[in-house]
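One structure is given below, encoded as C-alpha coordinates.
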Amino acid sequence: MDKLKILVLDDEKRYRDTLKEYLSDFEYEVYSAELPSVAFKIADKINIDIAIIDIRMPEMDGIAVLKKLKDQFPNIEVIMITGHGDMNSVIEALRHGASDYLTKPFRLPEIQAAIRRTKRFVELQNRFNSLQNQFSLISTELKEKFGSEIIGNSPEIIKVKELICRFAKTDNSAILITGESGTGKELVARGIHLLSSRKHNYFCAVNCNAVPENLFESEFFGHIKGSFTGAKEDRIGWFEQANKSTLFIDEIGELPNHLQVKLLRVLDDKKIRRIGSNKDIPIDVRIITATNKDIELETKKGNFRNDLYHRLNTFMINIPPLRERKEDIPILLEYFVSIFSQSIGKRCLSISPEVYARLNSYPFTGNVRELKNITERALILCDSTTLLPEHFMISDINKTTQTEPERRIFDLEQIEKNTIISALKATNNNKTHAAKLLNISWQLLHRKMRKFKIEIK
Ligand SMILES: Nc1ncnc2c1ncn2[C@@H]1O[C@H](COP(=O)(O)OP(=O)(O)OP(=O)(O)O)[C@@H](O)[C@H]1O
Ligand SMILES: [Mg+2]
(Lines give C-alpha, C1' and ligand atoms only; values in the text may rest on other atoms or scores of the structure.)
(Ligands and ions follow the chains in the order given, each with its own letter.)
Protein backbone atom coordinates (compact mmCIF):
# COMPACT_ATOMS: atom_id res chain seq x y z
CA MET A 1 0.00 0.00 0.00
CA ASP A 2 1.13 3.58 -0.66
CA LYS A 3 2.47 5.61 2.20
CA LEU A 4 -0.15 7.72 3.91
CA LYS A 5 0.32 11.39 2.92
CA ILE A 6 -0.14 13.84 5.73
CA LEU A 7 -0.22 17.62 5.59
CA VAL A 8 0.42 19.71 8.71
CA LEU A 9 -0.88 23.28 8.69
CA ASP A 10 0.15 25.36 11.69
CA ASP A 11 1.48 28.90 11.97
CA GLU A 12 3.66 28.00 14.95
CA LYS A 13 6.99 26.73 13.68
CA ARG A 14 7.71 24.87 16.91
CA TYR A 15 4.59 22.69 16.58
CA ARG A 16 5.02 22.22 12.84
CA ASP A 17 8.58 21.04 13.10
CA THR A 18 7.97 18.75 16.06
CA LEU A 19 5.00 17.15 14.33
CA LYS A 20 6.84 16.71 11.06
CA GLU A 21 9.82 15.15 12.75
CA TYR A 22 7.72 12.85 14.90
CA LEU A 23 5.41 11.69 12.10
CA SER A 24 8.24 11.12 9.63
CA ASP A 25 9.48 8.35 11.90
CA PHE A 26 6.36 6.37 10.95
CA GLU A 27 5.45 5.12 7.51
CA TYR A 28 4.04 8.51 6.54
CA GLU A 29 4.97 11.06 3.91
CA VAL A 30 4.70 14.38 5.75
CA TYR A 31 4.27 17.87 4.26
CA SER A 32 3.99 21.05 6.26
CA ALA A 33 2.71 24.55 5.63
CA GLU A 34 2.78 27.75 7.63
CA LEU A 35 -0.02 29.43 5.69
CA PRO A 36 -3.32 28.13 4.30
CA SER A 37 -2.43 29.41 0.83
CA VAL A 38 0.67 27.19 0.87
CA ALA A 39 -1.38 24.25 2.15
CA PHE A 40 -3.82 24.59 -0.77
CA LYS A 41 -0.93 24.65 -3.24
CA ILE A 42 0.41 21.43 -1.78
CA ALA A 43 -3.04 19.79 -1.83
CA ASP A 44 -3.31 20.76 -5.51
CA LYS A 45 -0.17 18.85 -6.40
CA ILE A 46 -0.12 15.96 -3.95
CA ASN A 47 -2.88 13.49 -3.15
CA ILE A 48 -3.07 14.27 0.55
CA ASP A 49 -4.90 11.69 2.71
CA ILE A 50 -5.07 13.48 6.04
CA ALA A 51 -4.64 17.16 6.92
CA ILE A 52 -3.86 18.28 10.46
CA ILE A 53 -5.04 21.87 10.86
CA ASP A 54 -4.65 24.30 13.71
CA ILE A 55 -7.89 26.11 14.37
CA ARG A 56 -6.31 29.47 15.27
CA MET A 57 -4.20 31.00 12.54
CA PRO A 58 -3.61 34.59 11.50
CA GLU A 59 -4.32 34.43 7.73
CA MET A 60 -7.60 32.54 7.79
CA ASP A 61 -9.31 30.85 10.69
CA GLY A 62 -9.07 27.08 10.85
CA ILE A 63 -12.77 26.43 10.38
CA ALA A 64 -12.81 28.49 7.17
CA VAL A 65 -9.79 26.52 5.94
CA LEU A 66 -11.55 23.27 6.83
CA LYS A 67 -14.67 24.28 4.88
CA LYS A 68 -12.70 25.34 1.82
CA LEU A 69 -10.51 22.27 1.91
CA LYS A 70 -13.48 19.88 2.22
CA ASP A 71 -15.16 21.76 -0.62
CA GLN A 72 -12.24 21.46 -3.00
CA PHE A 73 -10.86 18.12 -1.82
CA PRO A 74 -13.69 16.12 -0.27
CA ASN A 75 -11.51 13.01 0.06
CA ILE A 76 -9.04 14.64 2.43
CA GLU A 77 -9.78 13.74 6.06
CA VAL A 78 -9.12 16.52 8.55
CA ILE A 79 -7.92 16.35 12.14
CA MET A 80 -8.42 19.70 13.89
CA ILE A 81 -6.13 21.04 16.60
CA THR A 82 -8.13 23.24 18.96
CA GLY A 83 -7.43 25.37 21.99
CA HIS A 84 -8.06 23.82 25.38
CA GLY A 85 -11.73 23.91 26.41
CA ASP A 86 -12.92 25.42 23.13
CA MET A 87 -15.91 23.09 22.82
CA ASN A 88 -17.80 25.34 20.41
CA SER A 89 -15.04 25.17 17.84
CA VAL A 90 -14.86 21.41 18.23
CA ILE A 91 -18.56 21.06 17.49
CA GLU A 92 -18.26 23.49 14.59
CA ALA A 93 -15.30 21.54 13.18
CA LEU A 94 -17.05 18.18 13.42
CA ARG A 95 -20.13 19.66 11.82
CA HIS A 96 -18.07 20.78 8.86
CA GLY A 97 -16.64 17.36 8.26
CA ALA A 98 -13.53 17.09 10.47
CA SER A 99 -13.09 13.44 11.35
CA ASP A 100 -11.27 13.97 14.65
CA TYR A 101 -9.80 16.65 16.90
CA LEU A 102 -7.09 17.15 19.50
CA THR A 103 -6.79 19.90 22.07
CA LYS A 104 -3.55 21.77 22.58
CA PRO A 105 -1.31 20.92 24.34
CA PHE A 106 -1.33 17.24 23.36
CA ARG A 107 1.20 14.47 23.62
CA LEU A 108 2.69 13.23 20.36
CA PRO A 109 1.34 9.66 20.65
CA GLU A 110 -2.15 11.16 20.76
CA ILE A 111 -1.74 12.51 17.24
CA GLN A 112 -0.52 9.14 16.07
CA ALA A 113 -3.61 7.54 17.64
CA ALA A 114 -5.87 10.10 15.93
CA ILE A 115 -4.23 9.35 12.57
CA ARG A 116 -4.73 5.64 13.08
CA ARG A 117 -8.39 6.19 13.97
CA THR A 118 -8.89 8.34 10.89
CA LYS A 119 -7.16 5.79 8.69
CA ARG A 120 -9.41 3.04 10.03
CA PHE A 121 -12.43 5.23 9.46
CA VAL A 122 -11.37 5.90 5.85
CA GLU A 123 -10.79 2.21 5.20
CA LEU A 124 -14.17 1.31 6.65
CA GLN A 125 -15.80 4.06 4.60
CA ASN A 126 -14.16 2.74 1.42
CA ARG A 127 -15.23 -0.81 2.16
CA PHE A 128 -18.75 0.41 2.89
CA ASN A 129 -18.94 2.40 -0.36
CA SER A 130 -17.75 -0.46 -2.53
CA LEU A 131 -20.33 -2.76 -0.90
CA GLN A 132 -23.11 -0.21 -1.39
CA ASN A 133 -22.82 -0.60 -5.15
CA GLN A 134 -23.12 -4.36 -5.05
CA PHE A 135 -25.98 -4.35 -2.57
CA SER A 136 -27.94 -1.63 -4.31
CA LEU A 137 -28.53 -4.22 -7.05
CA ILE A 138 -30.43 -6.53 -4.70
CA SER A 139 -31.90 -4.15 -2.14
CA THR A 140 -35.22 -3.67 -3.95
CA GLU A 141 -35.68 -7.41 -4.35
CA LEU A 142 -34.79 -8.09 -0.71
CA LYS A 143 -37.25 -5.43 0.37
CA GLU A 144 -40.04 -6.82 -1.82
CA LYS A 145 -39.47 -10.46 -0.96
CA PHE A 146 -38.39 -10.25 2.68
CA GLY A 147 -39.48 -6.85 3.94
CA SER A 148 -36.10 -5.21 4.33
CA GLU A 149 -32.64 -4.64 2.96
CA ILE A 150 -29.51 -5.41 4.94
CA ILE A 151 -29.00 -2.23 6.93
CA GLY A 152 -26.03 -1.31 9.12
CA ASN A 153 -22.62 0.23 8.81
CA SER A 154 -20.85 -1.21 11.83
CA PRO A 155 -17.57 -3.00 11.10
CA GLU A 156 -19.39 -6.25 11.98
CA ILE A 157 -22.11 -5.77 9.35
CA ILE A 158 -19.57 -4.61 6.77
CA LYS A 159 -17.70 -7.87 7.35
CA VAL A 160 -20.94 -9.87 7.02
CA LYS A 161 -21.73 -8.11 3.74
CA GLU A 162 -18.24 -8.76 2.41
CA LEU A 163 -18.60 -12.45 3.19
CA ILE A 164 -22.01 -12.51 1.49
CA CYS A 165 -20.43 -11.11 -1.69
CA ARG A 166 -17.49 -13.49 -1.55
CA PHE A 167 -19.56 -16.61 -0.84
CA ALA A 168 -22.23 -15.70 -3.40
CA LYS A 169 -19.60 -16.11 -6.10
CA THR A 170 -18.52 -19.61 -5.02
CA ASP A 171 -21.34 -21.28 -6.83
CA ASN A 172 -22.21 -24.37 -4.85
CA SER A 173 -20.23 -24.38 -1.63
CA ALA A 174 -22.34 -25.12 1.42
CA ILE A 175 -22.64 -22.23 3.87
CA LEU A 176 -23.34 -22.06 7.59
CA ILE A 177 -24.87 -18.91 9.08
CA THR A 178 -24.83 -18.54 12.85
CA GLY A 179 -26.25 -15.88 15.14
CA GLU A 180 -28.85 -15.35 17.85
CA SER A 181 -32.53 -15.29 16.98
CA GLY A 182 -33.52 -12.18 15.01
CA THR A 183 -30.01 -11.19 13.91
CA GLY A 184 -30.88 -11.59 10.22
CA LYS A 185 -29.73 -15.08 9.25
CA GLU A 186 -32.50 -15.65 6.73
CA LEU A 187 -32.03 -12.15 5.34
CA VAL A 188 -28.35 -12.92 4.79
CA ALA A 189 -29.20 -16.27 3.16
CA ARG A 190 -31.55 -14.51 0.76
CA GLY A 191 -28.88 -11.93 0.06
CA ILE A 192 -26.43 -14.67 -0.94
CA HIS A 193 -29.02 -16.26 -3.20
CA LEU A 194 -29.85 -12.99 -4.94
CA LEU A 195 -26.20 -12.15 -5.52
CA SER A 196 -25.47 -15.61 -6.92
CA SER A 197 -25.95 -16.97 -10.41
CA ARG A 198 -28.99 -18.90 -9.10
CA LYS A 199 -30.93 -15.71 -8.40
CA HIS A 200 -33.54 -16.33 -11.10
CA ASN A 201 -34.65 -19.58 -9.51
CA TYR A 202 -36.96 -19.95 -6.53
CA PHE A 203 -35.31 -19.69 -3.07
CA CYS A 204 -36.48 -22.70 -1.03
CA ALA A 205 -36.56 -22.41 2.74
CA VAL A 206 -37.22 -25.23 5.19
CA ASN A 207 -37.20 -25.06 8.98
CA CYS A 208 -36.09 -28.27 10.69
CA ASN A 209 -38.11 -27.36 13.77
CA ALA A 210 -41.31 -27.48 11.76
CA VAL A 211 -40.78 -30.97 10.33
CA PRO A 212 -42.22 -33.93 12.29
CA GLU A 213 -39.49 -36.42 13.21
CA ASN A 214 -40.94 -39.30 11.16
CA LEU A 215 -41.33 -37.19 8.01
CA PHE A 216 -37.83 -35.74 7.81
CA GLU A 217 -36.46 -38.14 5.29
CA SER A 218 -39.42 -38.01 2.98
CA GLU A 219 -39.56 -34.19 3.18
CA PHE A 220 -35.93 -33.87 2.16
CA PHE A 221 -35.53 -36.78 -0.24
CA GLY A 222 -39.07 -37.44 -1.48
CA HIS A 223 -40.54 -40.93 -1.91
CA ILE A 224 -42.16 -43.18 -4.44
CA LYS A 225 -45.71 -44.44 -4.25
CA GLY A 226 -46.15 -47.33 -1.82
CA SER A 227 -42.72 -47.05 -0.23
CA PHE A 228 -44.31 -46.74 3.22
CA THR A 229 -47.80 -46.63 4.69
CA GLY A 230 -49.33 -43.33 3.69
CA ALA A 231 -47.13 -42.87 0.61
CA LYS A 232 -50.11 -42.71 -1.72
CA GLU A 233 -48.25 -41.20 -4.65
CA ASP A 234 -44.78 -40.18 -5.80
CA ARG A 235 -43.52 -37.05 -4.15
CA ILE A 236 -40.38 -35.04 -4.71
CA GLY A 237 -38.47 -33.72 -1.72
CA TRP A 238 -36.77 -30.44 -0.90
CA PHE A 239 -33.46 -31.30 -2.56
CA GLU A 240 -35.15 -31.90 -5.89
CA GLN A 241 -37.45 -28.90 -5.54
CA ALA A 242 -34.44 -26.69 -5.01
CA ASN A 243 -32.56 -28.08 -8.00
CA LYS A 244 -30.57 -25.37 -9.80
CA SER A 245 -31.39 -23.05 -6.93
CA THR A 246 -30.66 -22.47 -3.23
CA LEU A 247 -32.01 -24.59 -0.37
CA PHE A 248 -32.02 -22.80 2.98
CA ILE A 249 -32.11 -25.25 5.89
CA ASP A 250 -32.95 -23.33 9.06
CA GLU A 251 -32.33 -24.66 12.59
CA ILE A 252 -29.85 -27.20 11.25
CA GLY A 253 -29.03 -28.11 14.87
CA GLU A 254 -32.41 -29.88 15.02
CA LEU A 255 -31.64 -32.25 12.16
CA PRO A 256 -31.71 -35.86 13.49
CA ASN A 257 -28.36 -37.62 13.55
CA HIS A 258 -29.11 -40.13 10.78
CA LEU A 259 -30.11 -37.28 8.47
CA GLN A 260 -26.93 -35.39 9.29
CA VAL A 261 -25.05 -38.35 7.81
CA LYS A 262 -27.27 -38.27 4.75
CA LEU A 263 -26.87 -34.54 4.29
CA LEU A 264 -23.12 -34.93 4.40
CA ARG A 265 -23.37 -37.53 1.67
CA VAL A 266 -25.56 -35.28 -0.48
CA LEU A 267 -23.01 -32.49 -0.10
CA ASP A 268 -20.21 -34.78 -1.24
CA ASP A 269 -21.95 -36.85 -3.94
CA LYS A 270 -24.41 -34.25 -5.26
CA LYS A 271 -27.07 -36.87 -5.84
CA ILE A 272 -30.06 -38.18 -3.93
CA ARG A 273 -32.34 -41.17 -3.90
CA ARG A 274 -36.07 -40.98 -3.15
CA ILE A 275 -37.34 -43.32 -0.41
CA GLY A 276 -38.24 -46.65 -1.98
CA SER A 277 -36.31 -46.00 -5.16
CA ASN A 278 -32.96 -47.36 -6.25
CA LYS A 279 -32.32 -44.67 -8.80
CA ASP A 280 -29.81 -41.90 -8.10
CA ILE A 281 -30.94 -38.43 -9.11
CA PRO A 282 -28.19 -35.87 -9.68
CA ILE A 283 -28.90 -32.52 -8.03
CA ASP A 284 -27.30 -29.13 -8.32
CA VAL A 285 -28.27 -27.28 -5.16
CA ARG A 286 -26.53 -24.64 -3.12
CA ILE A 287 -27.20 -25.46 0.50
CA ILE A 288 -27.26 -22.71 3.11
CA THR A 289 -27.75 -23.79 6.70
CA ALA A 290 -28.45 -21.66 9.76
CA THR A 291 -28.64 -22.05 13.50
CA ASN A 292 -29.06 -19.85 16.55
CA LYS A 293 -27.35 -22.43 18.72
CA ASP A 294 -23.68 -22.41 19.57
CA ILE A 295 -23.06 -25.16 17.04
CA GLU A 296 -19.42 -25.62 18.00
CA LEU A 297 -20.48 -26.30 21.56
CA GLU A 298 -23.23 -28.64 20.35
CA THR A 299 -20.61 -30.51 18.37
CA LYS A 300 -18.35 -30.80 21.39
CA LYS A 301 -21.27 -32.07 23.46
CA GLY A 302 -21.93 -34.71 20.81
CA ASN A 303 -25.31 -33.30 19.77
CA PHE A 304 -24.14 -32.39 16.29
CA ARG A 305 -21.88 -34.48 14.08
CA ASN A 306 -18.29 -33.39 13.95
CA ASP A 307 -17.81 -34.33 10.28
CA LEU A 308 -20.85 -32.34 9.15
CA TYR A 309 -19.81 -29.35 11.26
CA HIS A 310 -16.37 -29.34 9.65
CA ARG A 311 -17.88 -29.68 6.20
CA LEU A 312 -20.11 -26.68 6.86
CA ASN A 313 -17.84 -24.31 8.76
CA THR A 314 -15.43 -23.66 5.87
CA PHE A 315 -17.88 -21.08 4.64
CA MET A 316 -19.30 -19.65 7.81
CA ILE A 317 -20.89 -16.29 8.54
CA ASN A 318 -21.48 -15.28 12.13
CA ILE A 319 -23.84 -12.34 12.71
CA PRO A 320 -23.08 -10.68 16.05
CA PRO A 321 -26.03 -9.71 18.30
CA LEU A 322 -27.33 -6.15 18.03
CA ARG A 323 -26.08 -5.21 21.51
CA GLU A 324 -22.52 -5.83 20.29
CA ARG A 325 -22.90 -3.43 17.35
CA LYS A 326 -24.88 -0.60 18.89
CA GLU A 327 -23.87 1.87 16.19
CA ASP A 328 -26.35 0.06 13.92
CA ILE A 329 -29.30 0.85 16.21
CA PRO A 330 -29.97 4.47 15.07
CA ILE A 331 -29.71 3.67 11.36
CA LEU A 332 -31.93 0.58 11.71
CA LEU A 333 -34.44 2.59 13.75
CA GLU A 334 -34.62 5.33 11.13
CA TYR A 335 -34.92 2.75 8.37
CA PHE A 336 -37.83 0.96 10.06
CA VAL A 337 -39.53 4.26 10.88
CA SER A 338 -39.34 5.20 7.21
CA ILE A 339 -40.70 1.89 5.90
CA PHE A 340 -43.49 1.63 8.47
CA SER A 341 -44.51 5.28 8.08
CA GLN A 342 -45.16 4.44 4.46
CA SER A 343 -47.00 1.18 5.03
CA ILE A 344 -49.06 2.47 7.96
CA GLY A 345 -49.64 5.74 6.17
CA LYS A 346 -48.29 8.11 8.82
CA ARG A 347 -46.62 11.40 8.04
CA CYS A 348 -42.88 11.51 8.37
CA LEU A 349 -42.29 11.48 12.11
CA SER A 350 -39.39 12.89 14.07
CA ILE A 351 -37.67 10.80 16.71
CA SER A 352 -36.93 12.34 20.10
CA PRO A 353 -33.30 12.15 21.29
CA GLU A 354 -34.43 10.23 24.40
CA VAL A 355 -35.58 7.39 22.14
CA TYR A 356 -32.05 6.98 20.79
CA ALA A 357 -30.62 7.08 24.31
CA ARG A 358 -33.14 4.57 25.63
CA LEU A 359 -32.67 2.13 22.76
CA ASN A 360 -28.92 2.41 23.07
CA SER A 361 -28.99 0.98 26.57
CA TYR A 362 -31.64 -1.64 25.82
CA PRO A 363 -30.29 -5.22 25.62
CA PHE A 364 -32.32 -6.36 22.56
CA THR A 365 -32.42 -10.06 23.32
CA GLY A 366 -34.62 -10.43 20.23
CA ASN A 367 -32.08 -8.48 18.17
CA VAL A 368 -33.09 -6.68 14.94
CA ARG A 369 -36.46 -8.45 14.81
CA GLU A 370 -37.30 -6.98 18.23
CA LEU A 371 -36.23 -3.50 17.15
CA LYS A 372 -38.33 -3.86 14.01
CA ASN A 373 -41.40 -5.00 15.98
CA ILE A 374 -41.23 -2.34 18.68
CA THR A 375 -40.73 0.33 16.02
CA GLU A 376 -43.81 -0.78 14.12
CA ARG A 377 -45.83 -0.80 17.34
CA ALA A 378 -44.44 2.62 18.32
CA LEU A 379 -45.62 4.08 15.04
CA ILE A 380 -49.10 2.67 15.50
CA LEU A 381 -49.29 3.94 19.07
CA CYS A 382 -47.91 7.38 18.32
CA ASP A 383 -50.63 9.95 17.74
CA SER A 384 -48.42 13.04 17.68
CA THR A 385 -45.63 13.97 15.28
CA THR A 386 -42.75 12.90 17.51
CA LEU A 387 -41.84 9.39 18.55
CA LEU A 388 -41.22 9.32 22.30
CA PRO A 389 -39.76 6.67 24.62
CA GLU A 390 -43.20 5.67 25.93
CA HIS A 391 -44.28 4.60 22.45
CA PHE A 392 -41.55 1.98 22.47
CA MET A 393 -42.93 0.06 25.43
CA ILE A 394 -39.55 -0.75 26.89
CA SER A 395 -38.52 0.09 30.41
CA ASP A 396 -35.66 2.48 31.05
CA ILE A 397 -33.24 0.07 32.63
CA ASN A 398 -30.88 2.88 33.50
CA LYS A 399 -33.39 4.73 35.61
CA THR A 400 -34.56 1.69 37.49
CA THR A 401 -32.18 0.72 40.25
CA GLN A 402 -32.13 -2.23 42.59
CA THR A 403 -32.33 0.10 45.58
CA GLU A 404 -35.79 1.30 44.64
CA PRO A 405 -37.73 -1.86 43.90
CA GLU A 406 -41.13 -0.38 44.61
CA ARG A 407 -40.57 2.55 42.32
CA ARG A 408 -39.40 0.18 39.63
CA ILE A 409 -42.54 -1.90 39.78
CA PHE A 410 -44.62 1.22 39.82
CA ASP A 411 -42.80 2.63 36.77
CA LEU A 412 -43.20 -0.61 34.88
CA GLU A 413 -46.88 -0.86 35.72
CA GLN A 414 -47.42 2.71 34.64
CA ILE A 415 -45.74 1.98 31.30
CA GLU A 416 -47.80 -1.19 30.92
CA LYS A 417 -51.02 0.61 31.72
CA ASN A 418 -50.28 3.49 29.33
CA THR A 419 -49.37 1.02 26.63
CA ILE A 420 -52.64 -0.84 26.98
CA ILE A 421 -54.60 2.41 26.90
CA SER A 422 -52.71 3.52 23.77
CA ALA A 423 -53.31 0.17 22.08
CA LEU A 424 -57.02 0.35 22.78
CA LYS A 425 -57.12 3.88 21.48
CA ALA A 426 -55.22 2.92 18.35
CA THR A 427 -57.67 0.12 17.60
CA ASN A 428 -60.87 2.04 18.39
CA ASN A 429 -61.33 -0.05 21.53
CA ASN A 430 -61.36 -3.30 19.59
CA LYS A 431 -59.97 -5.67 22.22
CA THR A 432 -59.11 -8.45 19.80
CA HIS A 433 -57.08 -6.10 17.63
CA ALA A 434 -55.51 -4.44 20.66
CA ALA A 435 -54.40 -7.80 22.04
CA LYS A 436 -52.92 -8.68 18.66
CA LEU A 437 -51.10 -5.38 18.55
CA LEU A 438 -49.68 -5.95 22.01
CA ASN A 439 -48.76 -9.50 21.10
CA ILE A 440 -50.64 -10.90 24.10
CA SER A 441 -53.68 -13.15 24.39
CA TRP A 442 -57.18 -11.75 24.57
CA GLN A 443 -57.61 -13.24 28.05
CA LEU A 444 -54.44 -11.62 29.33
CA LEU A 445 -55.57 -8.26 27.99
CA HIS A 446 -58.82 -8.65 29.96
CA ARG A 447 -56.97 -9.53 33.15
CA LYS A 448 -54.68 -6.53 32.77
CA MET A 449 -57.61 -4.22 32.05
CA ARG A 450 -59.30 -5.38 35.26
CA LYS A 451 -56.06 -4.97 37.22
CA PHE A 452 -55.49 -1.41 35.99
CA LYS A 453 -59.20 -0.58 36.12
CA ILE A 454 -59.26 0.38 32.46
CA GLU A 455 -62.81 0.75 31.24
CA ILE A 456 -64.04 1.15 27.72
CA LYS A 457 -66.82 3.61 27.29
N1 LIG B 1 -29.34 -5.86 9.11
C2 LIG B 1 -30.67 -5.82 8.97
N3 LIG B 1 -31.25 -4.82 8.29
C4 LIG B 1 -32.59 -4.76 8.15
N5 LIG B 1 -33.43 -5.66 8.64
C6 LIG B 1 -32.92 -6.69 9.32
C7 LIG B 1 -31.52 -6.84 9.53
N8 LIG B 1 -31.31 -7.94 10.25
C9 LIG B 1 -32.52 -8.48 10.48
N10 LIG B 1 -33.50 -7.74 9.93
C11 LIG B 1 -34.95 -7.99 9.99
O12 LIG B 1 -35.21 -8.63 11.22
C13 LIG B 1 -36.14 -9.70 11.06
C14 LIG B 1 -35.50 -11.00 11.48
O15 LIG B 1 -34.54 -11.40 10.53
P16 LIG B 1 -34.34 -12.94 10.16
O17 LIG B 1 -35.64 -13.63 10.06
O18 LIG B 1 -33.42 -13.01 9.00
O19 LIG B 1 -33.59 -13.39 11.52
P20 LIG B 1 -33.07 -14.86 11.92
O21 LIG B 1 -31.67 -14.66 12.36
O22 LIG B 1 -33.33 -15.79 10.81
O23 LIG B 1 -33.96 -15.18 13.21
P24 LIG B 1 -34.44 -16.65 13.79
O25 LIG B 1 -33.19 -17.29 14.36
O26 LIG B 1 -35.40 -16.29 14.86
O27 LIG B 1 -35.01 -17.40 12.67
C28 LIG B 1 -36.53 -9.69 9.58
O29 LIG B 1 -37.73 -8.98 9.45
C30 LIG B 1 -35.40 -8.96 8.91
O31 LIG B 1 -35.86 -8.30 7.77
MG1 LIG C 1 -34.66 -17.42 10.73
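The first residue in the sequence is number 1, and the count goes up from there. Numbering of ligands and ligand atoms starts at 1, following listing order.
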Quiz item: Can you find an N/O atom of E251 closer than 3.5 Å to an N/O atom of ligand 1?
Solution: no

Quiz item: Which residue owns the protein heavy atom closest to atom 4 (C) of ligand 1, what's the atom, and how far is it?
Solution: E149 O, 2.9 Å

Practice problem: Name the closest protein heavy atom to atom 5 (N) of ligand 1, giving the residue it belongs to and the distance to 0.1 Å. | Solution: S148 OG, 3.1 Å

Quiz item: ring-ring contact (aromatic ring centres under 6.0 Å, His included) between F304 and Y309: does it pass, once the steps are laid out?
Solution: CA-CA 7 Å; F304 197 76; Y309 173 63; 7.1 Å; no

Quiz prompt | Part of K372 within contact of ligand 1 (heavy atoms, under 4.0 Å) | solution = side chain

Quiz item: Are any of the N/O atoms in I150 less than 3.5 Å from those in ligand 1?
Solution: no

Practice problem: Using a 4.0 Å heavy-atom cut-off, say whether F336 meets ligand 1 through its side chain, its backbone, both or neither. | Solution: side chain

Exercise. Check P321 against T183 and note the closest heavy-atom contact, atom names and distance.
Key: CA-CG2, 3.9 Å

Quiz item: Among all protein non-hydrogen atoms, which one is nearest to atom 26 (O) of ligand 1, and what is the separation to 0.1 Å?
Solution: S181 OG, 2.6 Å

Quiz item: Mind checking whether F364 and Y362 have parallel, tilted or perpendicular rings, split at 30° and 60°?
Solution: perpendicular

Practice problem: List for me each residue that meets ring-ring contact (aromatic ring centres under 6.0 Å, His included) alongside F336, sequence neighbours excluded, and say none if there are none. | Solution: none

Quiz prompt | Protein residue, atom and distance nearest to atom 10 (N) of ligand 1, heavy-atom basis | solution = V368 CG1, 3.4 Å

Quiz prompt | Other residues, nucleotides, ligands: >12 heavy atoms within 6.0 Å of K436 NZ | solution = no

Self-check item: Any N/O pair I151/ligand 1 closer than 3.5 Å
Solution: yes

Quiz item: Hey, looking at atom 24 (P) of ligand 1, which of K161, R369, E186 has the closest heavy atom?
Solution: R369

Self-check item: Nearest non-hydrogen partners of L371 and T375, listed with the distance
Solution: O-OG1, 2.5 Å

Quiz item: So which of A205, G191, G184 gets nearest to atom 15 (O) of ligand 1, if we judge by its closest heavy atom?
Solution: G184

Practice problem: Report the member of R325, K185, K293, E180 with the shortest heavy-atom distance to atom 20 (P) of ligand 1. | Solution: K185

Quiz item: Based purely on interatomic distance, does L187 place a nitrogen or oxygen under 3.5 Å from a nitrogen or oxygen of ligand 1?
Solution: yes

Practice problem: Verify the neighbour count for atom NZ of K70: are there more than 12 heavy atoms of other residues, nucleotides or ligands below 6.0 Å? | Solution: yes

Quiz item: Is any side-chain N of the basic residue among E455 and R450 closer than 4.0 Å to the acidic one's carboxylate O?
Solution: no

